[in-house]
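For reference, the structure discussed in these notes is given below.
The structure presented is a predicted model; accordingly, all values stated were derived computationally and were not measured. Both backbone and side-chain heavy atoms feed into the values below; hydrogens, waters and symmetry mates do not.
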Amino acid sequence: LTIKHPRKYYRFSWKLLELDPSPTFCIDTWQPVELFEPRDIVKCIHDDIRRYPASASRIIAGTLETLKNQLTASGKEIFIYELLQNANDYPCKDKDGKKIPVDVEFILTENYLIFQHSGAYFSPRNISAICNINDKEKTDNTEAIGYKGIGFKTVFMDNNYVFLRTGDFTFRFDQEDSKDVLDIPWQILPIWTNFNQLDAEVKEALNSVSPRVFKVQFALRPTKKSTLYAGANNYRELFNKVFETERVLLFIPYIQSVKFSCIGQEPIVRSKESDKWCISDLEPADIPEEIREDINRSIKDGDTKIPEKYIDFYKTTVKFACEREDRILKPVSDTCLYCYLPAKKARLGLPFLLNTDMIPTGPRDDIEELDVNFEICRIAGHKLVEWLQQLAGSAQYDYDSIFSLIPSFEDVTNYETFIENLRDGFTEAIEEVEFIPVLEDGNVELKNITIDQDILTIIPFEAQVRVL
């Protein structure tokens, strides 16, 4: 059997060779082996879903509606975060295998929201995943920030028509086209759609840039036109709020820039390259063996709060960010925790932005009360001291502004255990890490410092020299 087109999909027949000692199968070379083109793949998925028994369709349709309501309960902006997450998780790679940062664009036309990005073309497996529920096709991608397999479904909160063009795939999800079939789960039912079937404004928007630049392009049409510009929490207001600053991009690993355009205003462009922010660059930390074993056991026992990608969770990354103005570092107001995207309910009263691998709740607006999250908080406290040491050692910033970033560690209702672990990690670290700068001998640990309230100098016991 010769495969003429590597990395393509084929339709073939198989046969059973033997049952003992275990079932063994092979391709039946006497039957035709046919190249499976993108249109064939979409038609196959479409036909499979249309063949669902009525009871199964009814259950799936109800599940999709429940998921949509649960995921978007914390705010309409969640679908924007989910689209950013999907753009991040599959960047293109250069010839050396290095991932290329992704550019994202959102455009509001008169009747549509256009979303497009420069990440990799969707593979047949990606196509299958968005036509499914809880597919978890990102489980093996440990760098993916999405992993539950359901986030894309948030686009159907306000939209009853979603078109996708990526590579040779062009298809849509369309409630209107499926309205004659009772309880059909139209949100996962792909309908092949030729480009010339699209409205003129969609074709114009999608063709304004070469599809070789934006390899993934969506056109979303709201159920109500007022959703775009005029209704409560309309898309124009929503996007202006989400991209008011660069905050939302700071911790998304592979997104480089976002552009938002709409009728009646100048485009907004946000880039991670902004010099307004100071972002930490610290080594990953080890996860204790007992925590890792507990995670593995919980996943094996079916704990749905912990994603499968956390199996054998050996290392975790912690990042901090604050605003900067020349040599002055400025505390950040109105902060929340980030799990790559903002968990907006998780407010610990910190004077900086904190991003970790903590496991968020289903809607991604809060963090789960899990031992692994408490441990990551303790690690973050330790890493905070390392960041302060890094900042002080760089000689780029005013010392007073560096130490203004130390939080008060005051308990916050519902987050007492998180604050306690953060404080414990910080306290452990100041006993070990030399992060107080002195005139001689570089830095010293805080335990070797006394504060003389009379002359307002900080004096190490051994060096007995004044701090700058």
Considering the options Phe106, Phe115, Phe239, Phe243, which one meets the ring-ring contact (aromatic ring centres under 6.0 Å, His included) requirement together with Phe260?
->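 The residue from Phe106, Phe115, Phe239, Phe243 that satisfies ring-ring contact (aromatic ring centres under 6.0 Å, His included) with Phe260 turns out to be Phe239.
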Of Tyr81, Phe218, Phe79, which is the lone residue that meets ring-ring contact (aromatic ring centres under 6.0 Å, His included) with Phe152?
->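 Of the listed residues Tyr81, Phe218, Phe79, the ring-ring contact (aromatic ring centres under 6.0 Å, His included) partner of Phe152 is Phe218.
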Do [X] and [Y] meet the criterion of a side-chain donor-acceptor pair at a distance under 3.5 Å?
{"X": "Asn240", "Y": "Gln265", "result": "yes"}
{"X": "Glu176", "Y": "Asn160", "result": "no"}
{"X": "Asn126", "Y": "Ser123", "result": "yes"}
{"X": "Tyr112", "Y": "Asp199", "result": "yes"}
{"X": "Asp366", "Y": "Thr361", "result": "no"}
{"X": "Arg172", "Y": "Gln197", "result": "no"}

Are there more than 12 heavy atoms of other residues, nucleotides or ligands under 6.0 Å from atom [atom1] of [X]?
{"X": "Arg212", "atom1": "CZ", "answer": "no"}
{"X": "Asp168", "atom1": "CG", "answer": "no"}
{"X": "Lys203", "atom1": "NZ", "answer": "yes"}
{"X": "Glu237", "atom1": "CD", "answer": "yes"}
{"X": "Lys43", "atom1": "NZ", "answer": "no"}

With sequence neighbours excluded, tell me which residues meet ring-ring contact (aromatic ring centres under 6.0 Å, His included) with Phe374.
->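 Checked Phe374 against ring-ring contact (aromatic ring centres under 6.0 Å, His included); matches are Phe418.
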Which heavy atom of [X] sits nearest a heavy atom of [Y], and at what distance?
{"X": "Cys322", "Y": "Lys330", "answer": "CB-O, 3.7 Å"}
{"X": "Ile45", "Y": "Ile127", "answer": "CD1-CG2, 4.3 Å"}
{"X": "Cys339", "Y": "Arg364", "answer": "O-NH2, 3.2 Å"}
{"X": "Asn132", "Y": "Lys153", "answer": "O-NZ, 2.8 Å"}
{"X": "Ala321", "Y": "Val332", "answer": "O-CG2, 4.0 Å"}
{"X": "Val104", "Y": "Leu84", "answer": "CG1-CD2, 4.2 Å"}

Using the test salt bridge (charged side-chain N to carboxylate O under 4.0 Å, His left out), find all partners of Asp40 that sit at least two apart in sequence or belong to another chain.
->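 Partners of Asp40 under the salt bridge (charged side-chain N to carboxylate O under 4.0 Å, His left out) test: none.
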In terms of side-chain geometry, is the basic nitrogen of [X] or [Y] positioned less than 4.0 Å from the acidic oxygen of its partner?
{"X": "Lys344", "Y": "Glu77", "value": "yes"}
{"X": "Asp94", "Y": "Lys99", "value": "no"}
{"X": "Glu420", "Y": "Arg423", "value": "no"}

Side-chain contact, heavy-atom cut-off 4.5 Å: [X] with [Y]?
{"X": "Tyr314", "Y": "Ile287", "value": "no"}
{"X": "Val269", "Y": "Val258", "value": "no"}
{"X": "Ser298", "Y": "Tyr310", "value": "no"}
{"X": "Lys224", "Y": "Asp158", "value": "no"}
{"X": "Ile359", "Y": "Ile367", "value": "no"}

Sequence neighbours excluded, which residues qualify as side chain to side chain contact (heavy atoms under 4.5 Å, CB included) partners of Ala380?
->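 Val318, Leu354, Leu422.
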Under the side chain to side chain contact (heavy atoms under 4.5 Å, CB included) test, residues paired with Ala285 that sit two or more places apart |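 So Ala285 forms a side chain to side chain contact (heavy atoms under 4.5 Å, CB included) with Thr316, Ile379, Lys383.
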Side chain [X], main chain [Y], donor-acceptor under 3.5 Å:
{"X": "Ser280", "Y": "Leu282", "value": "no"}
{"X": "Thr166", "Y": "Phe122", "value": "yes"}
{"X": "Lys345", "Y": "Asp365", "value": "no"}
{"X": "Glu34", "Y": "Pro32", "value": "no"}
{"X": "Asp303", "Y": "Ile299", "value": "no"}
{"X": "Ser118", "Y": "Val213", "value": "no"}
{"X": "Ser261", "Y": "Ile107", "value": "no"}
{"X": "Lys76", "Y": "Asn233", "value": "yes"}

Who passes side chain to side chain donor-acceptor pair (under 3.5 Å) against Trp277, sequence neighbours left out?
->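 Per chain and number, Trp277 pairs via side chain to side chain donor-acceptor pair (under 3.5 Å) with Glu246.
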So Asp357 and Tyr340, side chain to side chain donor-acceptor pair (under 3.5 Å) or not? Walk me through it.
-> CA-CA 8 Å; Asp357 289 315; Tyr340 298 95; 2.5 Å; yes
Show your reasoning for whether salt bridge (Lys or Arg N to Asp or Glu O under 4.0 Å) applies to Arg270 and Glu244.
-> CA-CA 9 Å; Arg270 299 298 179 206; Glu244 185 176 1; over 6 Å; no
Verdict with reasoning, Asp48 to Arg51, per salt bridge (Lys or Arg N to Asp or Glu O under 4.0 Å) = CA-CA 5 Å; Asp48 281 348; Arg51 284 194 291 266; 2.6 Å; yes
What pairs of residues pass the salt bridge (Lys or Arg N to Asp or Glu O under 4.0 Å) test when at least one of them lies in residues 279-292, not counting sequence neighbours?
->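 Non-adjacent pairs meeting salt bridge (Lys or Arg N to Asp or Glu O under 4.0 Å): Asp286-Lys315.
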Is there a side chain to side chain donor-acceptor pair (under 3.5 Å) between Ser257 and Asp103 once you walk through the steps?
-> CA-CA 5 Å; Ser257 69; Asp103 293 312; 2.6 Å; yes
After noting the C-alpha distance and the side-chain angles of Trp14 and Phe25, does the key distance pass the ring pair (Phe, Tyr, Trp, His ring centres under 6.0 Å) rule?
-> CA-CA 7 Å; Trp14 55 270; Phe25 302 91; 4.8 Å; yes
Taking atom OG1 of Thr227 and atom CE of Met157, what is their separation to the nearest 0.5 Å?
->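 So the OG1 of Thr227 and the CE of Met157 are separated by 9.0 Å.
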Go through the steps for Glu201 and Asn111 under the test side chain to side chain donor-acceptor pair (under 3.5 Å), then give the verdict.
-> CA-CA 8 Å; Glu201 67 181 283; Asn111 297 288; 2.6 Å; yes
